[in-house]
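Below: one structure, written as structure tokens.
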Amino acid sequence: MTVNVLITEHLSDAAAQWLADRATVQRCRQDEDGFADALAQAHGLIVRTYTQVNAALLDAAPSLQVVGRAGTGLDNIDLDACADRNITVVHTPDANRQAVVEYVLALMLHCTRPLLPMHDAVDVKAWGQLRTDAMAPWQLSELTLGILGCGRIGTRVAQVARAIGIETLCCDLVDLDLDQLHGARQVSMDTLLRDSDIISVHVDGRPENRNLLGESEFAAMKPEAILLNTSRGMVVDAAALATALHANTHMRAVLDVHDPEPIEAGHPLLGCPGALLLPHAASRTQAAQEAMSWVVRDVAAALNLPVD
Ligand code: MLT
């Protein structure tokens, strides 16, 4: 019997070829002609971030046995609807951890250390001005980092923070194992918001996390707080954040994720002072993209294809 696998978003060529050596692979985006026909024939479906695997999609895929998510979050997959239909779901929870953690470090440094490139020779006066402008008000080691959501990524951020000498607080739904926290202190959300200079968000995209950070949370933060969000856009109430940033010009927010993506005209944070909007790029390293793509192995295993 032919085994059909439909790939709807980017997957590395090597991983796609490996799968094509074992199954009939079709690549088609959800918004492209031919998607419905391919889905109707699919035994396996491989998605990344933007394909919504909901009950309606599953109803149009009567032969589907496995959904593979090349990435960490499963918020675009209706897990209950998959379970109801005996469809296995596999993903790559560790594949982009290092990439995201390095990105968070880059964002922290971006926010604290001005880099002033020189493209021409400069005179003594300009040289002096550049060195004045390059003065950082703080070293990271003078600041307190708050990690909101201390799972795989949050924990590794804590490890990196300890290596740099940053005092770190963390907050999670569950009691955390102190040995895993690399010196970070578990505190309540209120304490984390009140005491952190930099807040890095690493919660997942479960529906309860929608607008986890809103008006009262922004009001509770330090006036010069820096908010970093590399988790999911919907965790932050964008309108409330825009209001907070307009009211407090010392606060800053670096947002890699948005709701919706791509950002639409009229989004409240577009052009907002203190907001730096980035294109959901935290996991975009070649290594992480490649590692996420190898979800094909688990998809193949679920379809009883040879994996050696
Ligand atoms: C993830 O959940 O793993 C990331 O958001 C993946 C991505 O960047 O597409």
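Along the sequence shown, residues carry numbers from 1. We count ligands from 1, going down the list as the structure has it; atoms in each ligand are counted the same way. Just so you know, these numbers come straight off a predicted model, no measurement behind them.
A pairwise comparison of heavy atoms in Cys82 and Val67 identifies SG-CG2, 4.4 Å as the closest pair.
With sequence neighbours excluded, the residues forming a salt bridge (charged side-chain N to carboxylate O under 4.0 Å, His left out) with Arg97 are Asp94, listed by chain and number. Shown here are the salt bridge (charged side-chain N to carboxylate O under 4.0 Å, His left out) partners of Asp31, two or more places apart in sequence or in another chain: Arg29. Remark: Arg194 engages no residue in a salt bridge (charged side-chain N to carboxylate O under 4.0 Å, His left out) (not counting sequence neighbours).
Contact residues for ligand 1 (protein heavy atom closer than 4.0 angstrom to any ligand atom): Arg48, Thr49, Arg69, Gly71, Thr72, Gly73, Asn96, Arg232, His280, Ser283.
Defined by atom type and a distance below 3.5 Å, a donor-acceptor pair is present between the side-chain atoms of Asp256 and Tyr103.
A salt bridge does not link Asp237 to Arg210: none of the charged side-chain nitrogens sits closer than 4.0 Å to a carboxylate oxygen.
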